[in-house]
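Lettering follows sequence order; numbering is per chain, from 1.
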Amino acid sequence: MKCRFFLIDLNEGRSESQPTIRLWGIDDNGKRVLIQSSQIKPYFYYLPEEKETSNSLRERLMKGRADFPKITAVEVETKKLLGRARDALKITCSDSHALAAYARNIRKLLGKGEAFEEDLRLTVRYTTDADVTPSAWNECEVERIETQRVAVDLSFVAKSLPVRIDNDAVPALRILAFSILAVGERGSARPERDPVRAIGVATSQARFETFVAEGEDDSRLLADFTALVRKFDPDMIAGYESNNAGWPYLIERCKFRKIRLTVGRDGSEPHTSAYGHVSVSGRTSLDMLDVAGSMPEVKVKTIENLAKFLQIPSAGRVKTIEEFERGELWKDDTGRRALIQNTRINAQALLELTEATINYPVQLSALTGLPLDQVMTAPVGFRVDSYLIKQAHRAGELIPTKIEQPFYTYRGALVLEPKTGLHDNIVVLDFTSMYPNLMKTYNLSPDTLVKPGESVSEDSVFVIPEVNHRFYKKPDGFYRIVLSSLIEQRKAVKKEMHGLAEGSTRYIVLRERERAVKILTNACYGYAGWAGARWYAKEVAESATALGRDVINKTIAKANSLGLQVIYGDTDSIFVVDDPKKVKQLEDWAKEEFDLDIKREHEYTRVLFTEAQKRYAGLLPDDTLDIVGLEVVRGDWSDIARQVQEQVLTRILREQSAEKAVEDVRATIRRLRHNEVPMADLTIRKTLTKPIEDYAVRAPHVEVAKMLVKQGWDLTVGDKVAYVIAKGPGKLFQKAKPSSQLRAEDVDIDYYVDNQIKPVAMRILERFGVSERQLTV
DNA sequence: AAGGGCGCACTTTTGA
DNA sequence: TCAAAAGTGCGC
């Protein structure tokens with residue numbers, strides 16, 4: 001019989017005698033299914049030196065075979081290495097965990113040669129070799145079996161390899177969102193000391209549950225939570241910081257209380273796996289903090305800020321209670337109730353956030369082939385890696401093993417010096433997907449790169465300006481194949497979206513797919529220049545930027561010759577004084593000259609440039625401000641500074657009135673001196689980008705981080721440190737205090753006036769003849 | 001367990 | 001006193 005299923009999770013089976021993949025899904029009747037498949041055996045390739053024939057090599061290997069008892073088969077297979085056909089030994093083993101060591105030892109035995117694909121985990125091997133796709137519909141010939149103690153409706157063994165089928169629908173997933181509350185009396189809560197006080201749970205069947213611990217004993221709560229998960233049997237479990245905080249805390253507490261956190265569909269416990277994501281067998285565990293990573297607009301990633309940004313129903317009710325406030329609140333009943341209530345609302349908001357954002361992760365997972373629980377945790381480079389692995393296998397290419405490579409920098413994009421001051425009627429012209437298109441057009445790829453010194457006929461290669469790398473025009477390189485396909489996919493999706501109602505389910509699915517395709521396409525250039533990439537080729541990235549500079553330079557020259565005045569430009573865009581006819585001429589010329597599309601991206605009725613590159617503010621036709629690069633859009637300035645600068649820009653762009661701007665700034669400074677500005681607006685946040693002990697200088701946020709750690713707070717790389725500058729002598733780093741631990745009267749107002757407000761205001765006002773003295777109150 | 005790239009502005013610390 | 005280095009976060 002056939003089973004059609006939406007693939008939720010896959011993992012390697014454990015107890016079976018042969019390597020087995022377990023596919024967890026939902027079938028087209030809404031039944032939860034488990035399919036066990038043993039069709040794909042672990043293997044790797046050994047590519048000999050070109051001198052040696054594969055068959056003689058095979059014989060030598062067979063002689064030494066006693067040392068490799070887990071080898072079950074050795075075959076000769078023709079594969080491609082950077083586009084060239086080569087005979088390789090395909091060495092199949094009975095145990096996937098033996099591959100890496102075997103590859104090493106076989107290299108020693110057989111002499112010079114190279115191993116490939118020995119570092120692919122069996123689940124990756126499986127999704128690569130079979131045309132089976134996570135977060136998508138697949139079809140498989142199956143036979144029913146009985147399985148004990150597994151939480152599915154139907155259990156099967158696969159009789160064929162599953163294949164992807166054409167169906168865009170995302171089935172109704174049972175989602176469970178949870179939020180845990182743990183409180184440290186002083187400092188961060190610690191699982192070896194502090195119990196889980198409460199867990200809020202919200203499910204997609206509109207059920208809300210809040211478990212509260214009895215006194216110091218959270219045994220019952222942990223057991224109840226486990227039982228609820230098993231009873232509700234979710235397909236997806238969503239949390240916040242659940243990869244790094246939520247699940248690890250629960251796991252530690254359960255260990256301590258000797259309770260088994262059997263939330264997996266096979267009764268297993270969660271564990272940390274690839275990329276640091278937490279895996280729950282048979283389900284998708286999703287950390288909404290990872291999803292928040294795809295929303296750069298939200299600077300401080302709290303559930304509250306995400307809720308507001310996405311305008312979910314609970315947006316008005318969810319409030320951030322900082323970690324440092326919890327200990328105090330927990331001391332009395334009112335505070336406790338507030339904390340527990342907060343935990344409940346967090347869970348509800350998380351459920352809504354998951355429902356509001358899930359389409360993007362689903363599409364990215366289906367596109368890259370990474371399981372849904374991994375795809376948002378995986379760094380961008382690994383998403384591209386995953387996609388390329390699938391495409392390479394399809395093309396018969398050997399997949400390079402991930403190795404540490406030497407790292408080279410190269411020249412990047414061109415940024416023009418802006419024409420300073422106010423300009424009216426400006427249009428921004430963007431080349432669409434410039435780097436991917438250049439990579440495609442000039443066949444930039446590791447397999448088409450001509451080695452230095454190699455002599456080739458001039459007209460068989462593209463010669464890249466400035467850097468003089470050469471790439472064969474034919475055949476199509478790996479990146480050209482991949483990028484053409486991605487660019488085509490995007491066009492197809494866009495075409496399909498056309499005519500669909502904007503709010504419709506299918507439209508949203510397609511919109512998020514288009515977004516996923518676009519982001520993956522644009523990531524390919526950076527990937528090619530990343531030393532960790534399997535298909536790393538500095539020459540490819542370097543050529544893309546060289547071509548980009550060439551394109552922009554020629555475009556500027558053409559614009560000038562057409563009589564278009566160029567105000568500014570960065571990488572793939574130019575800002576010109578709008579003249580629609582001439583702009584159209586430029587567009588046509590670019591299409592003809594480079595086969596690139598120019599899009600009219602923004603129209604500014606007025607735009608302001610200072611001397612700085614990458615920083616400007618424009619007024620859009622609807623009278624809203626578009627602010628780029630300036631402090632207003634930076635997360636490392638106080639709110640008060642950002643507000644002042646935005647106010648100034650508004651006065652300048654809308655009313656062209658420096659006088660009013662000056663008055664506004666003075667008014668703010670007065671408010672500040674009268675202590676009328678709340679502490680929250682004075683807080684400065686900076687991210688810890690490395691372990692505290694690695695810092696070479698005593699920066700304010702690092703010093704504050706040290707203080708907090710001393711007090712018992714956990715701070716790790718990636719955390720934002722919030723501090724306020726206090727009165728007193730010494731360097732700034734000696735005056736910075738945790739924003740939670742400073743009284744309003746101790747704030748160093750002069751610092752905020754002189755080093756926050758005046759600089760950001762003057763950055764703009766300087767151009768309009770305003771002197772700093774005029775701002776002094 | 002966890003790096004896509006380079007170009008740029010800007011503040012503060014450091015060290016001569 | 002001052003230039004260089006360290007550090008952050010942005011643009012594309």
Side-chain angles (χ1 to χ4, degrees), chain A residues 243-244 271-278 290 296 299 374 377-385 387-388 402 404-405 407-418 428 430-435 519-538 540-542 544-546 548-549 552 568-574 601 610-616 627-637 641 684-690 694-703 716-718 720-721 725 730-736 751 754-756 759-760 763:
Chain A
N243 284 335
N244 293 318
H271 64 279
T272 300
S273 179
Y275 315 116
H277 88 287
V278 171
D290 290 336
K299 299 263 187 274
Q374 293 180 32
T377 312
V380 178
F382 293 90
R383 297 179 195 164
V384 179
D385 231 23
Y387 184 76
L388 293 183
K402 199 174 270 297
E404 276 204 29
Q405 309 201 53
F407 169 88
Y408 304 98
T409 55
Y410 58 90
R411 248 185 96 191
L414 197 69
V415 189
L416 303 189
E417 294 289 341
V428 183
D430 266 23
F431 284 101
T432 49
S433 304
M434 188 168 80
Y435 287 157
I519 288 171
L520 197 69
T521 308
N522 291 335
C524 285
Y525 147 72
Y527 173 90
W530 170 48
R534 286 180 196 264
W535 284 273
Y536 172 56
K538 186 203 73 158
V540 168
E542 192 172 39
T545 58
R549 293 192 298 272
I552 278 293
Y568 176 66
D570 184 350
T571 311
D572 58 358
S573 70
I574 56 169
E601 186 68 36
T610 65
E611 285 83 8
Q613 297 164 298
K614 293 183 181 284
R615 299 185 152 213
Y616 54 91
I627 299 169
V628 179
L630 291 159
E631 282 75 5
V632 177
V633 295
R634 291 181 64 92
D636 56 349
W637 284 78
I684 299 166
R685 289 186 173 77
K686 278 186 166 51
T687 309
L688 285 177
T689 60
K690 51 186 174 185
D694 289 1
Y695 279 91
V697 298
R698 307 184 68 182
H701 73 299
V702 180
E703 292 304 301
T716 53
V717 174
K720 283 198 191 297
V721 181
I725 302 303
K731 298 267 194 191
L732 203 63
F733 67 77
Q734 294 165 311
K735 298 167 47 153
Y751 172 79
D754 295 336
N755 296 57
Q756 291 275 319
V760 303
R763 197 111 52 224

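Distance CD (A:E404) to P (B:dA2): 15 Å, rounded to an integer number of Å. B:dG5 atom C1' lies 15 Å from atom CG of A:L520, rounded to whole Å. Atom-to-atom, NZ of A:K402 to C1' of B:dA2 comes out at 10 Å; the value is rounded to the nearest Å. Protein atom CZ of A:R763 is 11 Å distant from nucleotide atom P of B:dA9, rounded to whole Å. Note: CG (A:L732) to P (B:dC10) measures 19 Å, nearest angstrom. Separating the CZ atom of A:R549 from the C1' atom of B:dG7 is a distance of 11 Å, rounded to the nearest angstrom. Following rounding to the nearest Å, A:E417 (CD) and B:dC8 (C1') show an atom-to-atom distance of 10 Å. Here B:dG5 presents its P atom at 6 Å from CZ of A:F407, a figure rounded to the nearest Å.
Among the atoms of the strands shown, base atoms are found under 4.0 Å from some heavy atom of A:G526. Among the atoms of the strands shown, none is found under 4.0 Å from any heavy atom of A:R383. Residue A:A612 is in sugar-phosphate contact alone, with no base atom involved, counting any heavy-atom pair closer than 4.0 Å across all strands shown. Residue A:Y387 is classed as having no contact, given no heavy-atom separation below 4.0 Å to the nucleic acid. No contact: A:W535 has no heavy atom under 4.0 Å from any strand.
Going from the C1' atom of B:dA2 to that of C:dC10 covers 23 Å, rounded to whole Å. Here, B:dA1 and C:dG11 have their P atoms 34 Å apart, quoted to the whole Å.
Residues satisfying the ring pair (Phe, Tyr, Trp, His ring centres under 6.0 Å) criterion with A:Y695, sequence neighbours excluded, are A:H701. Qualifying ring pair (Phe, Tyr, Trp, His ring centres under 6.0 Å) partners for A:H277, counting only residues two or more places apart in sequence or in other chains: none. Judged as a side chain to side chain contact (heavy atoms under 4.5 Å, CB included), and not counting sequence neighbours, the contacts of A:A378 are A:Y275, A:L370, A:F382, A:R383. Here A:K299 pairs with nothing under the side-chain hydrogen bond (donor to acceptor under 3.5 Å, both in side chains) rule; sequence neighbours left out. Residues satisfying the ring pair (Phe, Tyr, Trp, His ring centres under 6.0 Å) criterion with A:Y435, sequence neighbours excluded, are A:Y525.
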Scan nucleotides 6-12 of chain C nucleotide by nucleotide, 5' to 3', and note B when protein non-hydrogen atoms come under 4.0 Å of the base, S if they reach only the sugar-phosphate, - if neither. SSBBSBS

A:E417 vs A:Q613, side chain to side chain contact (heavy atoms under 4.5 Å, CB included): CA-CA, chis, key distance, verdict: CA-CA 6 Å; A:E417 294 289 341; A:Q613 297 164 298; 3.8 Å; yes

With side chain to side chain contact (heavy atoms under 4.5 Å, CB included) as the criterion, how do A:V721 and A:K686 come out once you've worked through the C-alpha distance, each side chain's angles and the decisive distance to 0.1 Å? CA-CA 5 Å; A:V721 181; A:K686 278 186 166 51; 5.7 Å; no

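Of the candidate nucleotides B:dC10, B:dG5, B:dT13, B:dG5 has the atom lying nearest to any side-chain atom of A:Y410. The listed nucleotides are B:dC8, B:dG4, B:dG5; the one nearest the side chain of A:Q613 is B:dC8.
Evaluation of atom-type donor-acceptor distances gives no pair under 3.5 Å for the side chain of A:W530 against the base of B:dG5.
Projected onto DNA chain B by closest heavy-atom contact, A:N522 and A:L414 fall at different nucleotides, the more 5' of which corresponds to A:N522.
Nearest heavy-atom pair across A:V415 and A:D570 is CG2-OD1, 3.6 Å.
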